[in-house]
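All values below were derived from every heavy atom in this structure, side-chain atoms included, with hydrogens, water molecules and symmetry-related copies excluded.
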Amino acid sequence: MPRVCALCGSELYLRGDDREQTVRKRLEVFLTESAPVIDHYQAQGLVVAISAHGQGHEVLDRVLDALGQGKGDAADTSS
């Protein structure tokens with residue numbers, strides 16, 4: 001029996017990259033290859049963590065603040 005969307009009734013399907021084995025492999029690669037890079041730059045004080053919760057414009061404001069380009073920053077970015 002095909003699974004259907006409770007909202008619109010369209011058929012649901014599983015993409016190949018949504019399968020458990022694929023997700024597990026991606027997590028393994030992240031932990032062995034990406035996480036050490038983050039750790040390296042974090043040890044140098046070059047990583048700034050921001051919250052991605054909230055509306056897109058709220059997250060963007062946090063990113064711009066972290067980059068020193070927020071609304072409250074006096075730096076002139078128009079060149």
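Closest of all the heavy-atom pairs between His53 and Val59 is O-CG2, 3.8 Å. Heavy-atom minimum distance, Asp17 versus Val23: O-CG2, 4.1 Å.
For Ser10 (side chain) and Val4 (main-chain N/O), no donor-acceptor pair under 3.5 Å exists by modelled atom type. No side-chain donor-acceptor contact under 3.5 Å links Thr22 to the backbone of Asp18.
To the nearest 0.5 Å, atoms CD (Gln21) and CZ (Arg26) are separated by 12.5 Å. Atom CD of residue Gln69 and atom CG of residue Asp61 lie 12.5 Å apart, to the nearest 0.5 angstrom.
Salt bridge status for Glu58 with Arg62: absent, with no side-chain N to carboxylate O gap under 4.0 Å.
Environment of CD in Gln44: crowded, with over 12 heavy atoms of neighbouring residues, nucleotides or ligands closer than 6.0 Å.
Hydrophobic clustering keeps Ile50 apart from Leu46 (ILVMFWY residues linked when any side-chain heavy atoms are closer than 4.5 Å, directly or through intermediates).
By the 4.5 Å side-chain criterion applied to Ile, Leu, Val, Met, Phe, Trp and Tyr, Leu7 is assigned to no cluster and stands alone.
Considering Val48, Val47, Val37 as possible partners of Gln42, the one that fulfils the side chain to side chain contact (heavy atoms under 4.5 Å, CB included) test is Val47.
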